[in-house]
J.: 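Following this message is one structure expressed as C-alpha cells.
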Amino acid sequence: MRDLKVPGQRHPEKAHRPDNVQPKKPDWIRVKAPTSKGYFETHKIMREHKLVTVCEEAGCPNAGECWSQGHATMMIMGEVCTRACSFCNIATGKPPEDLDAFEPGRVADAVQKLGLKHVVITSVDRDDIKDGGAEHFAQTIRAIRHRSPGTTIEILTPDFLHCDPEVLEVVVKAKPDVFNHNLETVPGLYPEVRAGARYFHSLRLLQRVKDLDPSMFTKSGIMVGLGEDRQAVHQVMDDMRAAGIDFLTIGQYLQPTPKHHAVDRFVHPDEFAAYERAAYGKGFLMVSASPLTRSSYHAGDDFARLQAARNAKFA
C-alpha cells in the first residue's frame, strides 16, 4: 500500500530525478499559517464527508484564507492522477479504485452544510476511465443543483484527451455556470511541464464549450515563472481570446518539492499588473493576475464580477 505522504511514493516517477534548488521566496509570496476557527470547521466537514480537496493535495498557499471563509475546492474521482505533470503536487500513478458512486451526493451534502453560494469542483485526470469522468462531473453538478439550487457551480476539468469528443457534451449539458480548464503554461514549455497534454487540444476544448453553449462562461489560467517570456504569455492571451475564453487567471508557479520543475524566477507584482492591463485590453471580461492567484481563489466574488462585466458589455 502506497503512503501518499512520502514524496517518493507520492511521485514515484520523480523519485530518481536530480534535485532542483528551491529559491527563497520573496516577501510578496509569503502567507501566514491557518489558525482560525472557520478553517478548522471547514477541515472537519471535509473529513466527515471523506472528501479530497485540491487545496490540500496541490499545496495551495491560499488554503488558510479560503478555508477560514468556508470555501474549499473539492477534488472528485480520487486523489491519484494518471498524469505526471512536472509542476504538480497531486499524487501520480494508477488510481487504486474505481469511481465512487456515492461521491456526488457527499459533495452536494458538504456544499449545503458549508452554505456555499459558489462552489468549485475539480478532479484528477482519469485516463483509465473511458469517458475521463465526464458523467461523474455531470452527476456531481446535478446533485449540487438538487441540494443547493441557489449555489452557482464552477468546474475545473481535465482535458478528456483520450476520450470520444462527445463526452464534453455530457458535462456541458449538466449546465455548470463556469467551465474552467487550465492551459497551465505557454505551448513551448508543454514537453517539459505538461508532457501528457496537448496545448491546442486544451484550447479547442474550451472553444467547443462555447460552440455547445455560447451562454456558458469559460475560464482558463496559466502559471508564470516556469521559463516563459512575456511575448509567449501575450500569445497565449491572444489564443484564448480567439477561443472565446471569458476569464483569465495568471499566478506565480511555486515549486512543491526539489523533484518538481524548477522555479525560473519570481515574477514581480508590477509585471502581473501589466499582464492584467494587457489582458483587459485584449477583451477578457474578467482577469485575475497576481503572485498568489490560483484558479479558484476568490472564485465566488470573481463570478459576481464576471456576470456584471457581461451585463455591462451587452447593456
Side-chain angles (χ1 to χ4, degrees), residues 13 52 54 57-58 73-95 99 120-138 140-141 153-174 176 178-213 216-223 226 228 235-237 239-251 253 261 294-296:
E13 80 292 341
V52 180
V54 74
E57 297 302 313
T73 298
M74 299 177 203
M75 190 170 78
I76 59 176
M77 302 197 288
E79 58 185 332
V80 178
C81 184
T82 54
R83 304 282 176 91
C85 298
S86 67
F87 67 87
C88 186
N89 198 40
I90 293 172
T92 57
K94 182 180 179 180
L99 295 183
V120 182
I121 306 296
T122 189
S123 78
V124 291
D125 276 284
R126 290 296 299 260
D127 294 320
D128 59 318
I129 299 171
K130 186 175 181 180
D131 75 346
E135 178 59 31
H136 202 73
F137 262 102
T140 304
I141 294 166
I153 301 171
E154 179 174 327
I155 58 170
L156 174 54
T157 76
D159 59 12
F160 305 115
L161 178 62
H162 304 292
C163 307
D164 290 335
E166 291 75 16
V167 304
L168 183 62
E169 298 175 25
V170 173
V171 183
V172 174
K173 284 180 179 178
V178 180
F179 191 110
N180 185 1
H181 172 65
N182 285 332
L183 297 184
E184 304 293 8
T185 187
V186 302
L189 290 177
Y190 261 55
E192 58 186 277
V193 173
R194 200 175 177 227
R198 301 293 179 267
Y199 175 79
F200 288 104
H201 171 85
S202 288
L203 200 62
R204 176 59 180 153
L205 182 86
L206 289 156
Q207 187 175 35
R208 285 190 60 228
V209 172
K210 279 293 189 185
D211 292 341
L212 292 167
D213 187 346
M216 189 172 291
F217 287 114
T218 52
K219 177 178 177 179
S220 189
I222 63 169
M223 300 168 289
L226 284 159
E228 73 295 322
Q235 183 60 59
V236 170
M237 292 184 195
D239 292 344
M240 286 187 181
R241 286 304 303 133
I245 294 169
D246 301 300
F247 187 169
L248 167 66
T249 61
I250 306 177
Y253 166 63
H261 193 286
R294 296 297 181 267
S295 291
S296 53

J.: For Asp239 and Tyr199, which heavy atoms make the closest approach, and how far apart are they?
T.: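 The answer is OD2-OH, 2.7 Å.
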
J.: Could you check whether any side-chain heavy atom of Leu212 comes within less than 4.5 Å of a side-chain heavy atom of Glu169, counting everything from C-beta outward?
T.: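 They are in side-chain contact.
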
J.: For Asp159, does its backbone N or O pair with a side-chain atom of His201 as donor and acceptor, under 3.5 Å?
T.: yes

J.: Can you name the closest pair of heavy atoms from Ile76 and His136 and give their distance?
T.: CD1-CD2, 4.0 Å

J.: For Glu184, what residues pass the side-chain hydrogen bond (donor to acceptor under 3.5 Å, both in side chains) criterion, not counting sequence neighbours?
T.: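 Glu184 satisfies side-chain hydrogen bond (donor to acceptor under 3.5 Å, both in side chains) with no residue once adjacent residues are dropped.
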
J.: Between Arg204 and Asp211, does the salt bridge (charged side-chain N to carboxylate O under 4.0 Å, His left out) criterion hold? Intermediate values first, please.
T.: CA-CA 10 Å; Arg204 176 59 180 153; Asp211 292 341; 3.2 Å; yes

J.: With distance as the sole test, does Arg83 use its side chain to make a donor-acceptor pair with the main-chain N or O of Gly196 at under 3.5 Å?
T.: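 Pair found, side chain donor or acceptor close to backbone of Gly196.
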
J.: State, to 0.1 Å, how close Phe137 and Leu156 come at their nearest heavy-atom pair, and which atoms those are.
T.: CZ-O, 3.8 Å

J.: Which heavy atom of Ser86 sits nearest to which heavy atom of Tyr253, and what is that distance?
T.: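 Nearest pair, atom of Ser86 first, then Tyr253: O-OH, 4.3 Å.
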
J.: Over all heavy atoms of both residues, which pair between Lys219 and Glu154 is shortest? Give the atoms and the distance, please.
T.: NZ-OE2, 2.7 Å

J.: Report yes if some heavy atom in the side chain of Arg126 is under 4.5 Å from a heavy atom in the side chain of Leu99; otherwise report no.
T.: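 Yes - at least one pair of side-chain heavy atoms lies under 4.5 Å apart.
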
J.: Taking all heavy atoms of Arg194 and all of Ser202, pick out the closest pair and write down the distance.
T.: NH1-OG, 3.1 Å

